[in-house]
Amino acid sequence: MLLLPSRDRQGAVCCCYRAATARERFSLRPHRRFYLSLEDDLLKQRAARTREIEALGYRPYGQRFDATHAVPDILREYGAKTAEELAARVDVRIAGRVMTIRHMGKAGFAHVQQNGEKLQIYVRKDAVPERDFALFKMLDLGDIVGVDGYLFRTRTGELSVHVEKLEFLSKTLLSIPEKWHGLEDVEIRYRQRYLDLIANPAVRDVFVRRARIISSLRRQLESRGFIEVETPMMQPLYGGAAARPFVTHHNTLDVDLYLRIAPELYLKRLVVGGLERVYEINRNFRNEGLSTHHNPEFTMLEFYQAYTDYRGLMDFSAELLRQAALDANGTTVAEFEEHKIDFASVRRLSMREAVVEFWTGADKPSIDNVADPEWLLRHSSKATAGEALTDLFERHGEEKLIQPTIIYDYPVETSPLSKNKPGDPAFVERFEIYAGGMELGNAYTELNDPQEQRRRFEMQIGMRQRGDQEAHQMDEDYVRALSYGMPPTGGEGIGIDRLTMILTNSRSIRDVILFPLLRPEGPIDLVQSLRELDGEK
RNA sequence: GGGCCGGUAGCUCAGUAGGUAGAGCAUGUGCCUUUUAAGCACAGGGUCGCGGGUUCGAGUCCCGCCCGGCUCACCA
């Protein structure tokens with residue numbers, strides 16, 4: 001009886017978590033058919049109306065409709081034209097979803113929405129075939145129609161289509177959200193994103209801008225000779241990041257596989273093979289908590305460029321971000337929460353400098369302090385000086401990095417795949433990009449010495465044996481690939497979701513992912529209602 | 001996983017002190033040929049997230065559970 005989620009979760013427990021029998025499930029919901037809820041009522045009305053539409057000779061689920069314009073095109077092209085300018089008749093043929101209807105006896109107005117924008121149509125009895133006016137009178141909010149007519153301005157000045165022919169293209173059986181407040185229930189917005197997109201044009205805009213960001217990055221990489229590749233998402237060994245994986249199973253091979261936590265090790269194998277500039281934009285999966293900044297599947301751009309190093313990537317990253325901001329928003333300045341974040345330039349600080357600069361509280365350290373292992377270990381509970389420095393940076397610096405900032409030179413302990421800094425073996429040539437208080441990207445000069453890589457993996461295995469579940473595993477094939485010689489290479493990953501958050505002023509990562517991960521919803525009960533309607537025909 | 005907040009009509013929300021469950025939009029019927037949150041009249045629509053308890057009586061108080069949001073922890 002309830003077609004929308006957000007209530008009656010008990011059934012969900014029953015069917016999803018306890019494997020109840022059909023009889024148990026039925027007995028839990030004994031009242032279901034004794035009530036005639038409003039929504040069942042609406043469903044019945046609309047099913048009946050579907051048959052009436054058919055009786056008038058229209059197909060309730062329509063057919064091809066070749067429009068002359070999309071609604072946004074008309075608004076752009078004719079939005080500024082006066083009534084006099086429109087007097088020279090402009091014929092249009094448009095399609096869209098009916099969002100409002102105002103009937104006035106022998107005439108009426110409606111707004112038709114397409115691609116997130118609305119255009120008013122005016123239907124009067126003496127201007128359309130009799131059958132079309134009968135159809136107009138039985139339209140429901142949410143139906144999809146096509147119209148032929150000409151543009152005019154109403155007495156109140158709104159650009160509208162004076163309809164001469166009405167076509168029916170698709171029936172809605174369920175009610176669309178209310179016109180004034182739209183859809184605000186966050187849970188329904190995420191679960192039924194299609195309703196969110198219909199009701200909230202700003203949501204559509206976020207995803208349009210997300211697409212522009214991705215195509216901007218692709219265009220920039222392609223223009224510099226990078227080629228796009230796809231590497232395995234199901235991997236027998238997972239690696240390239242510190243994270244816990246999702247596990248799955250292949251039946252025929254009878255092997256467990258991991259959903260990748262990063263594509264890194266495969267992309268570098270390709271660099272070994274001579275694909276000197278490669279990139280991949282796709283999903284990573286990490287079996288960890290959810291938050292406003294974390295979704296278990298998220299989109300990363302990773303790219304590798306042979307014969308450069310992390311310094312080269314710093315310059316390139318700054319340009320990539322600047323241009324992506326420009327392509328998404330037409331300006332390098334992004335309004336994010338209460339900040340104006342300017343991607344025109346990117347500040348650079350070493351991690352040690354950042355700890356000093358952003359230190360909160362008394363006894364601010366000196367650069368010499370943060371380079372002193374003993375001092376570091378006194379100020380953190382971590383086991384090694386390197387981990388202590390990272391810990392202090394995360395506690396003091398990270399959230400203050402609002403403007404785009406590169407933090408460089410990381411301790412070796414947390415970076416098993418990066419090349420050492422010459423003359424400072426405790427550090428590696430690595431940087432991360434921060435903006436809006438979030439980590440956006442991570443890059444380094446790739447470690448290409450197979451002996452050193454073997455030692456790093458062994459160090460990680462030691463950490464794993466001491467209980468670090470996220471420490472890297474030994475990947476012997478990767479060491480073998482490096483043993484054939486990988487050119488000196490710089491590699492980088494950029495979190496597309498987070499970049500999109502900043503460039504679309506979205507507080508939560510769920511607002512930039514079309515279908516963020518949620519717990520499965522309870523019974524929907526629509527199929528049963530539809531089955532009953534089918535029987536009543 | 002911890003803390004805080006929320007779940008009442010299709011949608012957006014009220015709900016007083018524990019005493020017969022409300023509004024606007026949407027829906028149905030009638031009127032209305034340039035309206036625009038169109039208007040007027042009448043009508044229908046609720047397992048108050050689920051279960052248990054206290055009580056003569058629970059949307060309201062207590063306990064447990066489900067779902068969501070924020071936040072902390074972990075992470076990018």
Side-chain angles (χ1 to χ4, degrees), chain A residues 1-14 16-17 28-32 34-46 48 83 99-111 118 120-127 133 140-142 152-158 160 162 174-191 195 199 241-244 261-262 284 286-296 298-300 394 398 432-434 438-442 469-470 493-499 507-510 518-522:
Chain A
M1 106 182 84
L2 294 161
L3 301 177
L4 292 170
S6 90
R7 53 213 105 244
D8 201 354
R9 302 300 174 178
Q10 204 56 31
V13 183
C14 173
C16 299
Y17 304 123
L28 269 175
R29 318 194 69 222
H31 323 293
R32 185 172 184 283
F34 292 101
Y35 286 85
L36 182 68
S37 79
L38 175 63
E39 185 130 29
D40 262 351
D41 214 21
L42 292 175
L43 202 55
K44 281 207 170 88
Q45 283 169 18
R46 290 180 182 194
M99 300 301 286
T100 64
I101 305 178
R102 294 173 294 282
H103 288 289
M104 295 179 329
K106 298 186 185 60
F109 291 91
H111 277 106
K118 295 188 189 77
Q120 182 168 259
I121 64 170
Y122 175 54
V123 183
R124 47 190 286 181
K125 196 172 171 30
D126 56 14
F133 197 73
D140 285 310
L141 297 182
F152 76 112
R153 270 192 196 281
T154 62
R155 220 168 263 166
T156 51
E158 180 164 349
S160 308
H162 201 293
L174 300 173
S175 309
I176 59 168
E178 188 227 356
K179 61 185 171 189
W180 191 241
H181 298 91
L183 179 65
E184 295 190 0
D185 184 314
V186 178
E187 188 175 348
I188 300 177
R189 288 188 43 222
Y190 295 154
R191 286 195 197 281
L195 285 182
R244 291 161 65 192
I261 57 174
N284 291 341
R286 299 191 184 172
N287 205 340
E288 281 154 3
L290 294 76
S291 79
T292 46
H293 297 70
H294 302 264
N295 194 61
F298 64 101
T299 301
M300 277 265 277
E394 284 167 1
E398 190 165 349
E432 294 193 345
I433 308 167
Y434 288 85
M438 288 184 287
E439 184 187 332
L440 287 190
N442 181 18
Q469 286 185 297
E470 295 180 349
I494 293 178
I496 298 297
D497 311 280
R498 289 181 178 180
L499 178 59
R507 293 186 59 84
S508 169
I509 199 167
R510 294 184 199 96
L518 300 176
R519 281 182 198 278
E521 72 178 308

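A, B, ... follow the sequence lines: proteins, then strands. Residue 1 opens every chain.
If you measure from atom CG of A:Leu141 to atom C1' of B:A37, you get 13 Å, rounded to the nearest angstrom. Computed from coordinates, the A:Lys125 NZ to B:C32 P distance equals 11 Å when rounded to whole Å. Rounded to a whole Å, the CD1 atom of A:Ile261 is 9 Å from the P atom of B:A76. Computed from coordinates, the A:Ile121 CD1 to B:U33 P distance equals 18 Å when rounded to whole Å. Rounded to whole angstrom, the span from the OH atom of A:Tyr190 across to the C1' atom of B:C70 amounts to 11 Å. The CD atom of A:Glu187 sits 10 Å away from the C1' atom of B:C66 (whole-angstrom rounding). Following rounding to the nearest Å, A:Arg153 (CZ) and B:U35 (P) show an atom-to-atom distance of 15 Å. Rounded to whole angstrom, the span from the CG atom of A:Asp140 across to the P atom of B:A26 amounts to 13 Å.
At a cut-off of 3.5 angstrom, counting only N and O atoms as typed in the model, there is a donor on one side and an acceptor on the other between the side-chain of A:Gln120 and the base of B:U35. Put simply, the side chain of A:Arg102 and the base of B:U35 share a donor and an acceptor less than 3.5 Å apart.
The main-chain N or O of A:Glu184 is never found under 3.5 Å from a side-chain atom of A:Arg189 such that the two would form a donor-acceptor pair. At distances below 3.5 Å, at least one donor-acceptor pair connects side-chain atoms of A:Arg498 with backbone N or O atoms of A:His293.
The shortest distance between the side-chain N/O atoms of A:Ser175 and the OP1/OP2 oxygens of B:U27 is not below 4.0 Å. When the side-chain nitrogen and oxygen atoms of A:Arg124 are compared with OP1 and OP2 of B:C32, none of them lie within a distance under 4.0 Å. The phosphate of B:U34 has neither OP1 nor OP2 within less than 4.0 Å of any side-chain N or O from A:Ser160. A sub-4.0 Å separation between OP1 or OP2 of B:G68 and a side-chain N or O of A:Arg191 is present. For B:G68, the OP1/OP2 oxygens have a side-chain nitrogen or oxygen of A:Arg519 closer than 4.0 Å.
The side chain of A:Asp126 has B:U33 as its nearest neighbour among B:U27, B:U12, B:U33. For A:Arg498, the listed nucleotide lying nearest its side chain is B:A76; candidates were B:U27, B:G69, B:A76. Of the candidates B:U33, B:G68, B:U12, B:U12 carries the atom nearest the A:Glu184 side chain, counting heavy atoms from C-beta on. Distances from the side chain of A:Glu178 to the nucleotides B:A76, B:C11, B:U35 place B:C11 closest. Side-chain proximity of A:His103 to B:C32, B:U27, B:U71: nearest is B:C32. Of all nucleotides listed (B:A76, B:U33, B:U35), B:U33 comes nearest to the side chain of A:Tyr122. Looking at the side chain of A:Glu470, the nearest of the listed nucleotides B:C74, B:U71, B:G68 is B:C74. Taking only side-chain atoms of A:Val186, from C-beta outward, the nucleotide of B:A76, B:G69, B:U34 with the closest atom is B:G69. Between B:C32, B:A76, B:C70, one nucleotide has an atom nearer to the side chain of A:Arg510 than all others, and that is B:C70. Side chain of A:Ile509, nearest nucleotide from B:C32, B:U71, B:A76: B:A76.
Looking at heavy-atom distances under 4.0 Å, A:Gly182 makes contact with sugar-phosphate atoms alone, never a base. Using a 4.0 Å heavy-atom cutoff across all strands shown, A:Ala127 reaches no nucleic acid atom at all. Heavy atoms of A:Ser508 sit under 4.0 angstrom from primed sugar atoms or phosphate atoms, though from no base atom.
For the side-chain contact (heavy atoms from CB on, under 4.5 Å) with A:Asp497, the qualifying choice from A:Thr299, A:Leu440, A:Asn295 is A:Thr299, the only one to do so.
Remark: B:C40 base-pairs with B:G30; criterion is Watson-Crick or G-U wobble with both hydrogen-bond distances under 3.5 Å. Using the Watson-Crick or G-U wobble rule with both distances under 3.5 Å, B:G6 pairs with B:C67. Look at B:C11: its Watson-Crick or wobble partner, with both distances under 3.5 angstrom, is B:G24.
Between A:Asn295 and A:Thr154, the residue anchored closer to the 5' end of RNA chain B is A:Thr154, taking for each the nucleotide with the nearest heavy atom.
Both thresholds, 5.5 Å between centres and 30° between ring planes, are not jointly met by A:Trp180 relative to the base of B:G24, so the two rings are not stacked.
The shortest distance between side-chain heavy atoms of A:Phe298 and A:Arg286 falls below 4.5 Å. Residues A:Leu290 and A:Pro296 meet the side-chain proximity criterion, which asks for heavy atoms closer than 4.5 Å.
Remark: the A:Glu432 side chain and the A:Tyr434 side chain contain an N/O donor-acceptor pair separated by less than 3.5 Å.
Between A:Phe152 and A:Tyr122, the ring-plane angle classifies as tilted under the 30° and 60° cut-offs.
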